Amino acid sequence: MSKKYFVLIAALAGAYGVSRLAGQQARPAGPFTAEQAEAGRDAYTASCASCHQADLSGSGNAAPLAGSLFMGGWGNRTTADLVSFMQGAMPPTNPGGLTDAAYLDIAAYILQYNGARPGNQALTATTAVGIGTIATGQQLAQITPGGGANGGGRGRGGAGAGGGGRGRGAAPPQPRGLTVEGTVKNYTNITDAMMKNPSPADWLMIRHDYHADDYSPLNQINASNVKDLQLQWVWSMADGTNQSAPVVHDGTLFINNPTNIVQAIDAKTGDLIWENRIGANATGNSQRGLAIYDDKVYVTTGEAHIYALDARTGKNVWDTVIGDRTNGSYSTSSGPLLAKGLVIQGLGGGQCDQYREEKCFISAYDAETGKLKWKFYTIAKKDDPGPEIKGPGPAPGDTWGNLGDLFRAGGDTWITGSYDPDLNLTYWGVAQAKPWMRASRQSGNGSTAYANSTVALNVDTGRLRWYFMHAPGETLDLDEVFERVLVDYNGQKLVFSAGKDGILWKNDRTNGKYLGHKETVFQNIYDSFDPVTGEPHFRNDIVENQIGQWVQSCPTSEGGHNWHAMSYNPQASELIIPVAQSCQEMNAQKVDLKEGGGSAGGAARRFYESPGSDGNVGKFAAYDVATLKENWKITQRAPFMTAVLSTAGGIAFVGDMNRVFRAVDVKTGKVLWETRLGTSVQGFPLSFSVGGRQFIAVTTGLGGGSPRMVPSVLAPEVHYPSNGNALYVFALPEKK
């Protein structure tokens with residue numbers, strides 16, 4: 001297998017965060033034998049080590065296969081998912097090019113390298129054991145490429161690999177809790193009125209405001225002078241999957257890092273004020289968002305805890321565990337939404353995918369005490385009461401075919417919702433049903449409510465007001481979980497969304513009525529749309545697909561659109577969206593209907609270029625909110641990896657996997673300024689003002705699932721360092 005192409009990317013789909021990584025002694029034995037791991041060492045050395053390094057630390061586009069980055073992508077996945085991914089996608093020029101035994105052996109070796117203990121049962125392609133339940137990401141005494149056992153790893157073990165490097169034994173545990181003490185000066189408590197109408201100088205929440213428009217009203221930096229933008233300061237961040245969305249209030253920037261590190265930083269100078277390493281351990285990706293309200297900072301962890309910290313000092317105020325943990329842990333990666341004194345939070349990952357009685361849910365907690373106020377379950381059981389505004393068709397509880405309640409799974413909400421204070425409704429996207437493919441989940445042709453829907457919930461009660469299903473009975477891992485952008489235009493209250501199928505949806509946010517759609521990338525999944533309801537119709541061969549049959553589709557689970565949020569620019573009356581162009585084949589696998597089973601995947605995949613794209617995976621385009629006409633576009637080989645920030649200065653900022661951060665004219669798409677950063681630009685750009693001076697900030701980051709994995713398969717020549725998480729802050733030169 002060639003050095004160039006055997007690149008195992010450490011994730012399957014959008015990253016969901018990692019599960020709890022407890023001590024090795026508490027872990028059960030893994031579902032593989034020592035003989036498999038030994039054989040896997042040799043297979044890895046022959047086929048993988050030239051790219052991923054002998055110590056599994058990764059290099060360039062070859063992601064680390066050990067430590068926090070690996071566990072960040074795979075901790076909530078199963079061993080079957082890992083084997084399936086390798087068989088279906090690697091090597092990209094010849095998927096399935098190794099023997100079945102070699103894939104199993106390599107998977108066993110990767111698991112053992114990450115601290116899983118071998119057992120007496122051989123690993124098979126259908127063995128579905130949660131990787132986070134057997135592996136820690138910490139290398140203990142185990143085999144390494146080149147022979148023999150060792151107790152500390154060799155070379156650079158990567159963050160969380162635990163070896164300490166060069167045989168010196170395990171690294172000492174990092175301190176937890178308030179590790180840097182300090183006090184934020186001049187902090188004013190944030191009121192509901194401030195949340196509804198934020199100061200132009202602030203950036204109070206992920207995607208800027210309740211409408212999630214990713215738009216700043218600041219205009220000091222504009223289309224005429226952005227060419228003069230200069231770097232002001234840089235803050236290095238912890239290693240791990242990083243898709244951070246900082247917030248700013250009264251000149252203080254609050255940011256969450258991978259490994260559960262929360263920091264308050266002087267937004268003008270880059271000086272650290274306080275740091276709290278929340279939770280019991282350092283296992284976890286950066287959550288996409290954190291929130292501030294009143295006198296507190298609210299941050300979640302991959303283990304689905306919500307922490308409230310004193311905004312001035314960083315001290316813990318309360319810690320709430322989401323969900324009943326009797327039958328397993330939940331996880332999350334989204335960060336909360338604060339509205340009317342409530343902390344509203346979604347879920348994602350392992351437990352949502354399992355066949356279990358309790359389904360995935362959105363929940364709300366008292367912001368002062370952390371006490372649970374309500375839950376809304378995103379998977380409809382047979383007795384589900386349905387929405388207040390009834391629509392045509394069967395009741396939600398009757399949309400899962402002949403499946404009993406136990407075997408209905410999925411419905412993650414791993415992207416933070418938005419909120420309309422006037423309607424008192426919060427809007428969330430719901431992810432796909434699980435397993436991915438209809439043939440695997442055995443749901444027939446039902447619409448599987450509320451998967452792949454927009455749900456509008458009463459903020460006070462969690463009661464469902466209405467829902468709109470964007471992809472009824474979706475079967476290709478093309479979920480619709482992403483941001484809901486609320487736009488007031490010509491007297492209309494609109495909600496826009498886009499999912500992995502690349503369809504931009506326009507709905508009335510008072511009642512969910514379909515108002516239009518636009519195909520932003522080439523798609524061949526749907527052959528028609530109902531002109532009145534907007535309901536898409538899948539190609540017949542997709543509907544009729546059976547276990548073991550490959551089926552082609554464009555786009556892929558990379559997107560279309562993914563977590564990289566769009567921006568609404570009111571001056572140009574347009575939505576500016578990063579999308580991606582790629583195609584895939586999927587092969588449904590059998591998933592047994594048994595309690596505790598289920599799968600986050602249940603399919604093998606392989607990828608190819610999208611027709612008419614000229615090999616350009618990345619696309620960045622603007623769409624008129626009235627007509628949905630495409631105003632302009634930029635296409636390029638590298639995918640865009642950040643949300644979009646647009647401003648009243650007539651510019652939009654976006655970053656890509658090729659380390660480029662640029663500003664474009666919102667009216668024409670003309671590039672006005674760009675710079676090259678340390679590694680791939682990834683996260684949520686923001687703008688704020690301190691002392692009358694406007695700043696632009698963006699993070700670099702690694703990890704993150706299909707949006708990184710698929711382009712790395714299709715465009716392996718796009719290189720970036722395998723470390724370098726940081727926050728970069730820019731401004732115009734100060735006037736003398």
Side-chain angles (χ1 to χ4, degrees), residues 210-212 337 339-340 342 344 346 359-364 373-400 408 410-411 413 415-433 446-474 479-499 503-517 529-536 625:
Y210 279 148
H211 282 204
L337 173 72
K340 294 184 72 175
L342 294 175
I344 307 172
K359 306 306 175 187
C360 216
F361 56 85
I362 301 166
S363 51
K373 289 296 186 179
W374 55 256
K375 287 184 180 180
F376 169 75
Y377 291 97
T378 55
I379 295 298
K381 291 186 175 183
K382 289 183 178 179
D383 61 355
D384 190 286
E388 293 175 346
I389 299 178
K390 305 292 184 182
D398 297 332
T399 61
W400 284 79
R408 303 177 181 196
T413 47
I415 295 293
T416 308
S418 47
Y419 172 50
D420 184 333
D422 296 330
L423 296 176
N424 200 37
L425 295 176
T426 181
Y427 303 85
W428 292 70
V430 182
Q432 71 276 62
S447 58
T448 60
Y450 298 99
N452 277 341
S453 297
T454 296
V455 295
L457 308 178
N458 182 293
V459 165
D460 298 325
T461 64
R463 181 79 170 87
L464 179 63
R465 178 63 174 163
W466 60 260
Y467 77 101
F468 179 86
M469 188 158 286
H470 302 277
E474 197 281 320
D479 53 314
E480 300 274 349
V481 73
F482 309 108
E483 74 279 4
R484 267 53 187 168
V485 180
L486 312 185
V487 173
D488 296 326
Y489 184 80
N490 281 353
Q492 290 182 300
K493 286 183 171 291
L494 307 172
V495 54
F496 289 91
S497 64
I503 308 297
L504 174 62
W505 294 94
K506 180 179 182 179
N507 292 81
D508 185 319
R509 73 174 184 266
T510 66
N511 54 26
K513 181 181 178 182
Y514 165 77
L515 298 176
H517 74 273
F529 292 80
D530 186 291
V532 176
T533 67
E535 180 176 344
V625 296

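This one's a predicted model, so the numbers in the text were calculated from it and none came from an experiment.
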Donor-acceptor contact below 3.5 Å, side chain [X] vs main chain [Y]:
X    : Y    : answer
S418 : R484 : yes
T399 : S447 : no
H211 : L486 : yes
D384 : G397 : no
N507 : R509 : no

Is any side-chain heavy atom of [Y] closer than 4.5 Å to one of [X]?
X    : Y    : value
K506 : V487 : no
D488 : K493 : yes
R465 : N458 : no
T454 : S497 : yes
P387 : P396 : yes
D479 : E474 : no

In terms of ring plane angle, is the pair [X] and [Y] parallel, tilted or perpendicular, where the classes change at 30° and 60°?
X    : Y    : result
Y450 : Y467 : perpendicular
Y377 : F361 : perpendicular
F468 : Y514 : parallel

Is it the case that over 12 heavy atoms from other parts of the model lie below 6.0 angstrom from the NZ atom of K513?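 Incorrect, the count does not exceed 12.
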Hey, could you give me the [atom1]/[atom2] distance between [X] and [Y], rounded to the nearest 0.5 Å?
X    : Y    : atom1 : atom2 : answer
S453 : M469 : OG    : CE    : 3.5 Å
L464 : E388 : CG    : CD    : 7.5 Å
Y419 : L457 : OH    : CG    : 12.5 Å
I362 : I344 : CD1   : CD1   : 9.0 Å
T426 : D460 : OG1   : CG    : 11.5 Å
K373 : L342 : NZ    : CG    : 7.5 Å

My understanding is that only residues two or more places apart in sequence, or in another chain, count here; which of them pass side chain to side chain contact (heavy atoms under 4.5 Å, CB included) with I379?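 K359, W400, R408.
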ring-ring contact (aromatic ring centres under 6.0 Å, His included) partner of H470, the single match among W505, F529, F496, F482: W505
For the residue pair Y210 and A339, what are the closest heavy atoms and their distance?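 Reported closest heavy-atom pair: OH-CA, 3.6 Å.
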Nearest heavy atoms of A456 and L425, plus distance in Å: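 Taking A456 first and L425 second, the nearest heavy atoms are CB-CD1, 4.3 Å.
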